[in-house]
Amino acid sequence: MSVQETAPGNTVISWLMGVLLLAGALIGLMLTAFAADPVMEFHGLLFLLFCVGGVFFLIRYGSAKDDGDPSPYQDSVVRAGVIASMFWGIAGFAAGLMIALQLAFPVLNFDLPWINFGRLRPLHTSAVIFAFGGNVLIATSFHVVQRTCKARLAGGVAPWFVFWGYQLFIVIAATGYLLGVTQSKEYAEPEWYADLWLTLVWVVYLLVFLGTLWKRKEPHIYVANWFYLAFIVTIAMLHIVNNLAVPVSLTGVKSYSLFSGVQDALTQWWYGHNAVGFFLTAGFLGIMYYFVPKRAERPVYSYRLSIVHFWSLIFLYIWAGPHHLHYTALPEWAQTLGMTFSIMLWMPSWGGMINGLMTLSGAWDKLRTDPVIRMLVVSVAFYGMSTFEGPVMSIKAVNSLSHYTDWTVGHVHSGALGWVGFVSFGALYVLTPLLWRRSQLYSLALVSWHFWIASIGIVLYITAMWVSGILQGLMWRAYDSLGFLEYSFVETVEAMHPFYVIRAFGGVLFLAGALIMAYNLWRTVRGDVRVEGVAAARPMAAATAAE
């Protein structure tokens, strides 16, 4: 597609965004001037600065024929996504390490409200899920949809609005947590005004993705794009319904949920489990289906299985949320429904795992020479393990022991660190040389170091939490000969201390691996290549030329 073909449409979009940004700047100014509380005043100022900066960006790039990026594909926004992913990843991992240390050594709360466990915990979860994971998904989806459709991203500067608008949401959410602003909903803590802003950004994201699919040069829509599309559409639905709320004031931060009681709990865990299912699973399966075959230089093992995987996964996952509410006021039939669909999820999940692993058929030798493909394959193995453990934990008899214990924490992190973390790292390792037109990564040896250090960290983390979680559950249900509880709650907390120390050490190793990766990618961007004795994997020059 020539630049001239897209210029008129891009100009219209630029003018429309300019009007919206000017209106947003006016709203930000009013919030700053008439805010009902200091936090809203601060966030109004952030919004004002963002909109003013957006207007200057449009003046610089909005009327440019190539929207600031002269390459056949709009790679500049993907490059920005790679940098943001690495930045937010390290920030999120550091916050996780801090709260792990606070659990082991409570004195590290320092009696300061801004950095106590209650405020840092949602900061950590949002940073690793939405800031790190979200930026990885946005960057990889923009990269994959362009390559598989042989079409430039639709919307001119709209992808930049998605990128920077998403960063603004992250900053507003994170600073809100530190200042004590929260809805107190798991994975949905930002208040009403942040939710409204994210909705606008997400709709533009959907339109950019759909617009790119619409103008594709390839007649077939590759399976990775189906997973990305399911992730985008379903997260929009979940976000809107779960965050329906009535603000106390249009100039204040506080709001009240539209739901209450058991209806609120069911809506929240319909959202919460499907945030895992579509944000942390479907989106990252899109990464798996593109980057594993790409790095292995092999076709997907079974394209038919990938289609079956897609349709069965998106149909079954949406019903599994009630298993988070076993032994609560939720009706028994709804609890059983959630458990049943969770067990049924074994089939599509393991079908996807088998498809990912078997893609290496005829290329297993690459595991010895290429640590990037090793990281991608191990991520798929962690996906299989987590999707086996999850259905087991949804069974009521098992859930009676596991729920509210550290076993759940171990389960979540086996998926988050092993599956989401490793597949993201692998994708970033593949993307960086391609996007910056480098022949290869700076050092494959450093990738190998990252892999082993992070793997040891994950094993220490999840095994410590498995053991401590089962110990917790058994201590909580232990009775003496007279029928009284055998252990007080404080005794169970004391028994957890050595496991919390091990968990924190595992976090140190995982963060150390991420820092090694950041250094490796930085040197790659600079164009440096380290002389290494180990035979390197395939240089990326051929792939760069092909793309």
Side-chain angles (χ1 to χ4, degrees), residues 10-63 67 77 80 84 122 126 130-131 134-135 138 155-183 185 188-208 232 235-237 239-258:
N10 290 351
T11 302
V12 172
I13 292 171
S14 296
W15 277 104
L16 177 61
M17 285 200 169
V19 172
L20 291 175
L21 287 170
L22 288 173
L26 180 61
I27 293 172
L29 182 62
M30 293 177 63
L31 288 175
T32 305
F34 303 108
D37 51 70
V39 178
M40 181 60 90
E41 181 180 358
F42 172 60
H43 285 164
L45 179 60
L46 285 179
F47 191 63
L48 171 62
L49 294 174
F50 172 84
C51 291
V52 171
V55 171
F56 280 105
F57 183 88
L58 284 176
I59 293 172
R60 172 67 181 84
Y61 291 115
S63 60
D67 52 61
V77 70
S126 291
F130 300 115
N135 272 290
I138 291 172
V157 296
W160 279 110
F161 173 79
V162 174
F163 172 77
W164 285 114
Y166 195 69
Q167 309 314 307
L168 177 64
F169 164 74
I170 293 167
V171 172
I172 288 176
T175 54
Y177 300 150
L178 295 177
L179 295 170
V181 175
T182 174
Q183 284 189 122
K185 288 189 170 189
E189 288 93 347
E191 269 289 0
W192 64 276
Y193 55 96
D195 291 332
L196 283 176
W197 175 248
L198 180 60
T199 301
L200 174 61
V201 172
W202 210 256
V203 168
V204 177
Y205 179 26
L206 174 62
L207 292 175
V208 169
I232 299 169
I235 290 300
M237 176 183 68
H239 170 76
I240 291 171
V241 175
N242 188 54
N243 288 292
L244 290 172
V246 179
V248 174
S249 166
L250 292 178
T251 57
V253 298
K254 182 62 182 171
S255 68
Y256 289 96
S257 173
L258 202 63

Least distance between heavy atoms, Ala158 atom then Met17 atom: CA-CE, 3.4 Å
Residue pair Glu41 / Thr32: nearest heavy atoms and the distance that separates them: CG-O, 3.5 Å
Val181 side chain near Tyr193 side chain, heavy-atom distance below 4.5 Å: yes
Distance flag, aromatic centroids of Phe50 and Trp197, threshold under 6.0 Å: yes
Mutual orientation of the aromatic rings belonging to Trp160 and Phe163 [parallel < 30°, tilted 30-60°, perpendicular > 60°]: perpendicular
Nearest heavy-atom neighbours spanning Asn242 and Ala188: ND2-CB, 3.6 Å
Side chains of His43 and Thr175 in contact at under 4.5 Å (non-hydrogen atoms): yes
Which atom of Tyr177 lies closest to which atom of Pro190, heavy atoms considered: OH-CD, 3.1 Å
Gln167 side chain near Asn135 side chain, heavy-atom distance below 4.5 Å: yes
Partners passing side-chain hydrogen bond (donor to acceptor under 3.5 Å, both in side chains) against Asn243 (at least two apart in sequence or in another chain): Gln183, His239
Rounded distance (nearest 0.5 Å) linking atom CG of Leu168 with atom CG of Leu49: 10.0 Å
Inter-residue atom distance Leu250.CG - Ser255.OG, 0.5 Å rounding: 11.5 Å
Passing option when Tyr205 is tested against Val162, Ile235, Leu198 for side-chain contact (heavy atoms from CB on, under 4.5 Å): Val162
Side-chain touch Lys185/Ser257, heavy atoms, less than 4.5 angstrom: yes
Rounded distance (nearest 0.5 Å) linking atom CG of Leu26 with atom CG of Leu48: 9.5 Å
Distance in Å, Ile27 CD1 paired with Leu20 CG, rounded so as to fall on 0.5 Å steps: 9.5 Å
Shortest non-hydrogen contact between Leu46 and Val171, atoms and distance: CD1-CG1, 4.0 Å
Side-chain touch Phe47/Cys51, heavy atoms, less than 4.5 angstrom: yes
Inter-residue atom distance Tyr166.OH - Ile138.CD1, 0.5 Å rounding: 5.5 Å
Side-chain touch Val208/Phe161, heavy atoms, less than 4.5 angstrom: no
N/O donor-acceptor pair under 3.5 Å between Trp202 side chain and Ile232 backbone: yes
Trace of the side-chain contact (heavy atoms from CB on, under 4.5 Å) decision for Tyr256 with Val248: CA-CA 7 Å; Tyr256 289 96; Val248 174; 3.5 Å; yes
Side-chain heavy-atom pair Trp192, Val246 within 4.5 angstrom cut-off: no
Closest non-hydrogen atom pair between Ser126 and Glu189, with its separation: OG-OE1, 4.1 Å
Met237 CE: over 12 foreign heavy atoms closer than 6.0 Å: yes
Point-to-point distance, once rounded to the nearest 0.5 Å, from CD of Glu191 to OG1 of Thr182: 7.0 Å
